[in-house]
Amino acid sequence: MRFKFSGSYAGSALKKLGWLIIAMVVALLIGAMIGYSVSGAGNPLTVFAPKTWEHILDFLR
């Protein structure tokens, strides 16, 4: 049994899914920067430092 997909429909759906995933990742990064700068040290780029994530993971353990 073979399924036939229209190339334009499948491509359009995959393109929309890709853009949705990219938008979600960007929103997550921006949200982390805003949340850390408001409740944390004040520098929004500090959220990407490995030492920050080590501290967060140690806190959760």
Side-chain angles (χ1 to χ4, degrees):
M1 184 178 200
R2 291 192 153 233
F3 295 103
K4 292 186 179 182
F5 292 106
S6 171
S8 63
Y9 177 75
S12 174
L14 288 174
K15 192 180 291 186
K16 287 179 184 177
L17 183 63
W19 280 114
L20 177 67
I21 291 171
I22 290 171
M24 290 173 67
V25 168
V26 169
L28 178 73
L29 294 174
I30 292 173
M33 289 174 64
I34 292 172
Y36 190 77
S37 67
V38 169
S39 67
N43 184 3
L45 296 178
T46 310
V47 75
F48 301 118
K51 189 166 183 139
T52 302
W53 287 102
E54 288 175 13
H55 178 71
I56 291 171
L57 293 176
D58 287 342
F59 180 74
L60 292 175
R61 291 182 193 154

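Predicted model only: the values in this text are computed from it and were never measured.
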Quiz prompt | With sequence neighbours excluded, residues passing side-chain contact (heavy atoms from CB on, under 4.5 Å) with V26 | solution =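 Scan of V26 (side-chain contact (heavy atoms from CB on, under 4.5 Å), adjacent residues dropped) gives I22, I30.
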Quiz item: Taking atom NZ of K15 and atom CG of L20, what is their separation to the nearest 0.5 Å?
Solution: 15.0 Å
Self-check item: Pairs where residues 50-59 contributes a residue and the test salt bridge (charged side-chain N to carboxylate O under 4.0 Å, His left out) is met, not counting sequence neighbours
Solution: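 Of all non-adjacent pairs touching residues 50-59, those that pass salt bridge (charged side-chain N to carboxylate O under 4.0 Å, His left out) are D58-R61.
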Quiz item: What pair of heavy atoms forms the shortest contact from V47 to W53, and how long is it?
Solution: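 Heavy atoms only, the tightest pair is O-NE1, 2.7 Å.
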Quiz item: Looking at T46, L45, I56, which hits side-chain contact (heavy atoms from CB on, under 4.5 Å) with Y36?
Solution: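 Of the listed residues T46, L45, I56, the side-chain contact (heavy atoms from CB on, under 4.5 Å) partner of Y36 is T46.
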